[in-house]
Number of protein chains: 2
Amino acid sequence: MNIGEIARRSGVSRSTVSYALSGKRRVSKVTQQRIQAVIDELGYRPNATARALKEGRTRTIGLVIPPAGRRLTDMQLGFVASVVDAAGRADLDVLLSPSGGEHDRSFERMVGGKRVDGVVLMEIRLEDDRVTRLRQTGLPFVGIGRTNRPEEMSWVDIDYETLISRCVHHLADLGHRRIALVNRSAELVAAGYGPGHRAQTGFARAVAERGLDSVQKCCADDAQSGVACVEALLGEHPGLTAIATINEAAMPGMYRALEQAGLAVPRDFSVAGVAAQHWAENLHPPLTAADVPADELGARAVELLIQRIADPATPHLNLLLAPAISLRGTTGPARPRDPVS
Amino acid sequence: MNIGEIARRSGVSRSTVSYALSGKRRVSKVTQQRIQAVIDELGYRPNATARALKEGRTRTIGLVIPPAGRRLTDMQLGFVASVVDAAGRADLDVLLSPSGGEHDRSFERMVGGKRVDGVVLMEIRLEDDRVTRLRQTGLPFVGIGRTNRPEEMSWVDIDYETLISRCVHHLADLGHRRIALVNRSAELVAAGYGPGHRAQTGFARAVAERGLDSVQKCCADDAQSGVACVEALLGEHPGLTAIATINEAAMPGMYRALEQAGLAVPRDFSVAGVAAQHWAENLHPPLTAADVPADELGARAVELLIQRIADPATPHLNLLLAPAISLRGTTGPARPRDPVS
DNA sequence: TTGTAGGCGTTATCAC
DNA sequence: GTGATAACGCCTACAA
């Protein structure tokens, strides 16, 4: 079932059918109707592959997500959902590539094989081979996140450095003197994951500015690791009264460990973080956090990408968000731990 | 940059380059190396679109997920992850289509435009237009879930009817006489969502077999709705001592409502359900539940699909899983509520 | 061992 | 207002 068959049955040429469909050339009303009748009868739809070959574009964007095996955080999920949603609104399809490091087969198929018109890249590292590869091919792409040389690409990102710094200042304002940073997983940070490093930077800066005692810890992205992490922190640092974190997925476990240690939040212990708005609101208790508008970010990334696809010569655009901290009741005045009971 | 360019620079014909690449014909060592050198130098990769057009297949499968706007449950997420993972292992790419009802544009592009070699369908309804459409086009597809006429398609599914029935029997064995079923959202059930209906059936059957008092309630897929749902149940049914549920996403809220009502689990109130294994284990407290192996299910769906793509005449295969209930401590002997305090 | 040529299904240019 | 025809880039009979 192809355009030739429709043409034959309608008694016209293939080009006429094509034009009847696209409207790029006037077609007489009668032939138009005759063609439409045949199309409806046979349920014909143009072959997208042939069209893509002819037009030189696939009307598809690639979405590179963290590699298989790792569970997506709520924020990442929000990115994916909003990218897919925004693409759909623009009648673009989304091809998924779960790939992390270099030489990933699905990534290479997508990029090398020109399967997509552009790419949205998630979980970018400070040095990122995928960015290098994409720049080399000239395929339009937009990062949700950025590398060490952000001026070389288009991206949207969260200003983790500023946000974690604000968390620390907020906690310091409440009188906390010993604060811990709970980061993402050690592997991720070791691999040069941007937010992990920038959170460290912002934390270190704010802690220095306020002259606080501090400790940093990496923690895998799950509840159990959150429990272990906080247990360790409490054990090793008796004076600790507050945590700042960018690790959403570990939060439920962190709460649990505090509870089991007999520490009430925010009476005995404060927690502030950076998290997807939806997630922060639905935690129990709701987390005082810089609310990352994950949905908006994905949509903006797609907008930028569509722009770059339309005109690859567009200068690179960036969007660095530093959403305000929403107070939700997990932070309060510092109170020494282990009071003489 | 195409195969002709490589051929020209290597001083051979296009077919020789093609054969050098595919290995389907012997090529002398010297030409082989000359060609390879040029390819490496220019970084040539065959155009996937052209290849797809020629070969009549795209090496891509479609994955139809619940429509945008709704958040995926942990189980659905597990399906997506395992489908993507399994597809990747078979060097297949995954095209995403978030579409629910009928006449969805992205679904129609995917199916009508022959953008994929086969489709994995999620969240199937008892009567499902997408299934009708796929059957009509003849495109191979596999459901994660099944319609009213399961013999007409290939699918993998969870036997919610049996599992909820087992939950009820388990609770009845513990002495519970008044049990509630917390279902998925009213919209989903009204739309003919299979698991919702089959859970009702299994619940009704088991309740009748054991002569129990019962109540069924729909609940949206989020924590807040879980709170509201359980509050309503406790208020309207003072004798209630146990809940059976298939609503993962509402679980945290259900726990919270019980806690706020002063009911300890499992001492004062029991909960059993059907949930992704990963989710049940990580709830706090871990949920006594029939552990759905979401990862396996997605992988099996892809296996079936690959089989159907290879040979569309394969008879339909099914896989109906009824995993055992893992006791994790949210169910215990019935104890009357509102004891004279 | 290599080259020639046709065709996958579509769009768009040119001609009538 | 409509038709013939040449691409798009690749694969693969068929020929040499």
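Residue numbering restarts at 1 for every chain, and letters A, B, ... go by the order of the sequence lines. The structure displayed is predicted, hence computed values, not measured ones.
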| Nearest nucleotide by nearest heavy atom, which residue falls closer to the 5' end of DNA chain C, A:Lys24 or B:Ser28? | B:Ser28
| query | Just checking B:Thr31: base, sugar-phosphate only, or nothing, at a heavy-atom cut-off of under 4.0 Å? | reply | sugar-phosphate
| said: For A:Arg25, I'd like to know if atom CZ has over 12 heavy atoms of other residues, nucleotides or ligands within 6.0 Å. | reply: yes
| Length of the NZ-P vector between A:Lys114 and D:dG9, whole Å | 9 Å
| message | When you measure only distances, ignoring hydrogens and angles, does the side chain of B:Arg115 come within 3.5 Å of the base of C:dG9 through a donor and an acceptor? | response | no
| said: Less than 4.0 angstrom from a charged side-chain N to a carboxylate O is my criterion; do A:Arg57 and A:Asp117 meet it? | reply: no
| request: Examine the base of C:dT1 for any acceptor or donor lying under 3.5 Å from a partner atom in the side chain of B:Arg25, and report the outcome as yes or no. | output: no
| message | Between C:dT4 and B:Arg14, counting only base atoms on the nucleotide and side-chain atoms on the residue, is there a donor-acceptor pair under 3.5 Å? | response | no
| field | Base C:dA12 to side chain A:Lys54, donor-acceptor N/O within 3.5 Å cut-off | value | no
| request: Describe the nucleic acid contact of A:Gly113 in one word from base, sugar-phosphate, nothing, applying a heavy-atom distance below 4.0 Å. | output: nothing
| said: Taking donor-acceptor contacts at under 3.5 Å, does the side chain of B:Ser15 reach the base of C:dT4? | reply: yes
| request: Tell me what B:Ser18 touches on the nucleic acid: a base, only sugar-phosphate, or nothing, going by heavy atoms under 4.0 Å. | output: base
| Minimum-distance pair of heavy atoms, taken over all atoms of B:Pro315 and B:Arg308 | O-NH1, 3.7 Å
| Gap separating the CG atom of A:Asp104 from the CZ atom of A:Arg133, nearest 0.5 angstrom | 12.0 Å
| query | Can you tell me how far C1' of D:dC8 sits from CE of B:Met1, to the nearest Å? | reply | 16 Å
| Gap between atoms CZ and C1', on B:Arg8 and D:dG9 respectively (whole Å) | 16 Å
| message | Rounding to an integer number of Å, can you tell me how far A:Arg59 CZ sits from C:dT10 C1'? | response | 12 Å
| message | Measure CD1/A:Ile3 against C1'/D:dA7 and give the value in whole Å, please. | response | 15 Å
| message | Closest-nucleotide mapping onto DNA chain D: is B:Ala48 or A:Ser13 further toward the 5' terminus? I mean the 5' end. | response | A:Ser13
| note | Here the distance between atom P of C:dG9 and atom CG of A:Asn2, to the nearest Å, is 5 Å
| Closer than 4.0 Å, any side-chain N/O of B:Tyr19 to the OP1 or OP2 of C:dT4? | no
| task | Measure from CG on B:Asn47 to C1' on D:dG9 and round the result to the nearest Å. | result | 6 Å
| request: Could you check B:Arg26 against A:Arg51 and say which one's nearest nucleotide on DNA chain C is further toward the 5' end? | output: B:Arg26
| N/O donor-acceptor pair under 3.5 Å between B:Ser82 side chain and B:Gly78 backbone | yes
| query | In whole Å, what is the span from the CD1 atom of B:Ile6 to the P atom of D:dC10? | reply | 9 Å
